Amino acid sequence: MILTTSVRDQLQTLFSAAVAAVDPHSLIRRIISKEQDGFLVQRPGDSPQLYRFPLNGRILLIGAGKGAGLLAQGFEQIFEEHQVEGVIVVPAGQKP
């Protein structure tokens with residue numbers, strides 16, 4: 001077997017894929033999708049479930065933790081034409 005890329009290149013590819021898989025912006029787009037009159041949230045896992053929520057008026061968003069700021073930004077991008085309000089708590093000194 002002849003390898004066309006070095007082990008370092010292969011490891012870099014794997015590392016980049018792992019980081020991309022847990023990117024908060026990508027994660028939120030994988031589980032939330034917008035419909036005309038609402039949005040869907042898919043709970044991932046062995047038996048995924050789909051939850052449908054109406055979208056009438058403002059959206060209240062609450063979050064806390066290291067990834068909450070980036071998740072909130074991803075959520076706001078999905079619903080950019082809607083009024084999104086709420087409280088997001090991140091560790092002191094962390095930029096969202």
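This is a predicted model, so every value here is computed, not measured. In what follows, every heavy atom counts, from backbone to side chain, and hydrogens, waters and symmetry copies are set aside.
- Residues L27 and R30 are in side-chain contact: their nearest non-hydrogen atoms beyond the backbone lie under 4.5 Å apart.
- Taking CD1 of I31 as the reference point, atom CZ of F75 lies at 9.5 Å (rounded to 0.5 Å).
- With a 4.5 Å cut-off on side-chain heavy atoms, F39 and I78 do not count as touching.
- With values rounded to the nearest 0.5 angstrom, D37 atom CG is found 8.0 Å from R52 atom CZ.
- Between G38 and L55, the closest heavy-atom pair is CA-CB, 3.4 Å.
- Clustering ILVMFWY residues whenever any of their side-chain heavy atoms sit less than 4.5 angstrom apart, transitively, puts L40 in a cluster other than the one holding I59.
- Shortest non-hydrogen contact noted between G67 and P24 is O-CB, 4.4 Å.
- Transitive grouping of hydrophobic side chains (ILVMFWY, heavy atoms separated by less than 4.5 Å) keeps I62 and F53 in distinct clusters.
- For I28 against L71, the heavy-atom pair with the smallest separation is CG1-O, 4.1 Å.
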task = Starting from the C-alpha separation in whole Å, work towards a yes-or-no answer on side chain to side chain contact (heavy atoms under 4.5 Å, CB included) for L70 and H25.
result = CA-CA 6 Å; L70 292 173; H25 289 111; 3.9 Å; yes
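- Partners of K66 according to the salt bridge (charged side-chain N to carboxylate O under 4.0 Å, His left out) rule, which considers only residues two or more places apart in sequence or in another chain, do not exist here.
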Can you list, pair by pair, the side-chain donor-acceptor contacts under 3.5 Å of residues 84-92, counting residues two or more places apart and other chains?
unit_1: E85; atom_1: OE1; unit_2: R58; atom_2: NH1; d: 3.4
unit_1: E85; atom_1: OE2; unit_2: Q83; atom_2: NE2; d: 2.2

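- In this structure the side chain of V19 never reaches within 4.5 angstrom of the side chain of D23, judged on heavy atoms.
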